[in-house]
Amino acid sequence: MTAHVRVRSLAKINLDLRILNKRPDGYHDLRTIFQTVSLADTIDLEYTPGQSRIDIKSNLSIPDNLVVKTADSVLAATHKTGRVGFVLRKRIPLGAGLGGGSSNAAAVLMALPRLMGKPLPMEKLRELAATLGSDVPFFLLGGTAAGLGRGTELYPLPDHPSFPALLITPGIHVSTPDAYRALKRGSTADVTAQIQEFQTLAWRMANAPSTAWDCVNDFEMVVFGQHPQLKSIKGKLLKLGARPALMSGSGSTLFGIFPSRELRDRAARIFRREFAGDQVHSVQLVSRSRYSALWRRQLESVRG
Ligand code: C5P
């Protein structure tokens with residue numbers, strides 16, 4: 001008997017991102033504020049008990065799709081065998097700092113064990129998520145959250161209103177490992193000031209319901225140097241009323257958060273004259289309470 005479920009897998013932006021020191025394991029310690037947004041992929045999952053096989057169909061061909069690796073790790077953790085089928089409709093641009101692959105992986109971690117009739121404890125899901133990628137554990141939580149360590153140590157922040165936002169993803173690919181290397185962080189950097197600034201910002205975000213936060217993304221310095229077009233998109237977002245306007249992750253998406261839908265829609269119309277339809281996305285911030293409700297509904301709809 002085949003069980004089926006359709007889920008939406010949301011994107012994230014980094015409202016703030018500070019890279020501290022290089023660690024002995026090759027990763028970097030960082031401080032970030034993750035935020036889910038309403039742009040989403042759709043994943044249809046099917047599970048049929050029997051011989052193990054993983055099939056994937058997608059509107060985009062993605063080499064080494066993280067979804068397949070995730071399904072493998074769920075089969076191993078549940079000690080089950082069977083055919084797992086995916087139909088993936090990608091809308092979140094790939095390799096653009098929006099965490100699309102990581103979100104898909106977390107979606108499979110949450111949905112597949114339920115489809116198999118073998119739910120895994122949250123502790124186990126968190127452990128598997130961290131082995132799949134630094135951004136994957138955040139998508140088990142959603143909303144606004146501070147990420148510490150390599151990004152997998154998470155502290156939920158209070159929900160703020162669903163501010164309107166605009167995502168601009170020009171067709172520029174930035175390699176994440178290359179962006180980290182270009183920062184040339186040492187292993188013994190003095191990071192006290194960076195941590196203090198981050199803590200002040202996190203406090204303000206948690207306690208003041210505005211968007212005029214003093215946000216920073218350390219990758220902007222190196223990535224804007226290589227792609228000046230990105231800096232001018234940021235400038236334009238600020239001029240059109242976005243506060244803040246920032247790059248997400250290691251790029252190349254720029255986002256702007258707007259105090260009103262009118263200002264956001266006006267900015268969207270202006271950017272659409274210059275960019276293709278799939279490079280400009282009007283979204284809103286998705287709070288943890290909405291993210292949790294979405295996942296509750298999605299998992300309740302599992303059909304056997
Ligand atoms: O964990 P994830 O697979 O997303 O990381 C991709 C690459 O980004 C890593 O191989 C590493 O080069 C870099 N990275 C890092 N420090 C982090 C997260 C990622 O150096 N905290």
Side-chain angles (χ1 to χ4, degrees), residues 9-37 41 62-74 88 90 92-110 124-142 145-155 169 172-189 191 194-195 197-199 201-202 215-223 226-227 246-253:
S9 162
L10 269 57
K12 63 85 182 157
I13 52 178
N14 298 84
L15 293 176
D16 191 85
L17 178 56
R18 295 164 205 249
I19 312 300
L20 308 181
N21 52 285
K22 191 159 181 206
R23 311 172 0 156
D25 63 6
Y27 285 94
H28 290 74
D29 279 318
L30 54 80
R31 294 286 182 276
T32 190
I33 312 260
F34 289 112
Q35 171 68 58
T36 34
V37 294
D41 294 334
I62 306 169
D64 301 325
N65 199 319
L66 197 55
V67 156
V68 173
K69 200 170 159 201
T70 309
D72 262 331
S73 67
V74 169
L88 190 55
K90 292 295 292 180
I92 306 173
L94 302 182
L98 297 172
S102 303
S103 173
N104 295 168
V108 173
L109 282 179
M110 291 189 271
K124 184 68 188 172
L125 294 184
R126 281 201 203 103
E127 183 193 313
L128 293 176
T131 65
L132 291 162
S134 305
D135 290 348
V136 182
F138 164 68
F139 287 102
L140 299 176
L141 181 67
L148 278 63
R150 55 176 266 248
T152 57
E153 200 184 308
L154 295 162
Y155 297 88
T169 309
I172 291 173
H173 178 74
V174 180
S175 146
T176 300
D178 286 353
Y180 273 102
R181 266 193 293 277
L183 284 173
K184 296 199 175 72
R185 291 290 193 260
S187 52
T188 56
V191 293
Q194 274 173 296
I195 290 176
E197 269 181 36
F198 176 82
Q199 282 169 340
L201 172 80
C215 299
V216 169
N217 178 338
D218 280 345
F219 283 121
E220 285 187 349
M221 206 165 43
V222 291
V223 177
Q226 289 156 3
H227 306 284
L246 213 69
M247 194 170 78
S248 185
S250 57
S252 62
T253 298

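For reference, positions follow the sequence shown, starting with 1. Nothing here was measured: the structure is a model prediction, and the numbers come from that model. Counting starts at 1 for both ligands and their atoms, in listed order.
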Residues, nucleotides or ligands: over 12 heavy atoms within 6.0 Å of Asp25 CG: yes

Distance from [atom] to nearest protein heavy atom, with residue and atom:
| atom | answer |
| --- | --- |
| atom 1 (O) of ligand 1 | Ser134 OG, 2.6 Å |
| atom 20 (O) of ligand 1 | His28 ND1, 2.8 Å |
| atom 14 (N) of ligand 1 | Tyr180 CE1, 3.3 Å |

With the threshold set at under 4.0 angstrom, would you say Leu30 reaches ligand 1 through any of its heavy atoms? yes

Yes or no: does Gly26 have any heavy atom under 4.0 Å from an atom of ligand 1? yes

Hey, are Asp72 and Lys69 close enough for a salt bridge, meaning a charged N less than 4.0 Å from a carboxylate O? no

Salt bridge check: are Arg18 and Asp218 linked by an N-O gap of less than 4.0 Å? no

Within the distance-only criterion (no hydrogens, no angle test), does the side chain of Asn217 pair as donor or acceptor with the backbone N or O of Met247 below 3.5 angstrom? yes

Any donor and acceptor pair, going by atom type alone, linking the side chain of Thr70 with main-chain N or O of Leu66 inside 3.5 Å? yes

Are any of the side-chain heavy atoms of Leu98 and Ile13 separated by less than 4.5 Å? yes

Just which atoms of ligand 1 are under 4.0 Å from any heavy atom in [X]?
| X | value |
| --- | --- |
| Thr176 | 8 (O) |
| Gly133 | 1 (O) |
| Pro177 | 12 (O) |

May I ask you to identify, for Asp29, whether its side chain, its backbone, both or neither come under 4.0 Å of ligand 1 on a heavy-atom basis? neither

Between Thr176 and Ser250, does the side chain to side chain donor-acceptor pair (under 3.5 Å) criterion hold? Intermediate values first, please. CA-CA 6 Å; Thr176 300; Ser250 57; 2.9 Å; yes

Per-atom contact, atom 6 (C) of ligand 1, protein heavy atoms, under 4.0 angstrom: no

Does the protein put a heavy atom less than 4.0 Å from atom 10 (O) of ligand 1? no

Is it the case that ligand 1 has an N or O less than 3.5 angstrom from some N or O of Arg150? yes

Side chains of Asp41 and Ser9 only: does a donor on one sit below 3.5 Å from an acceptor on the other? no

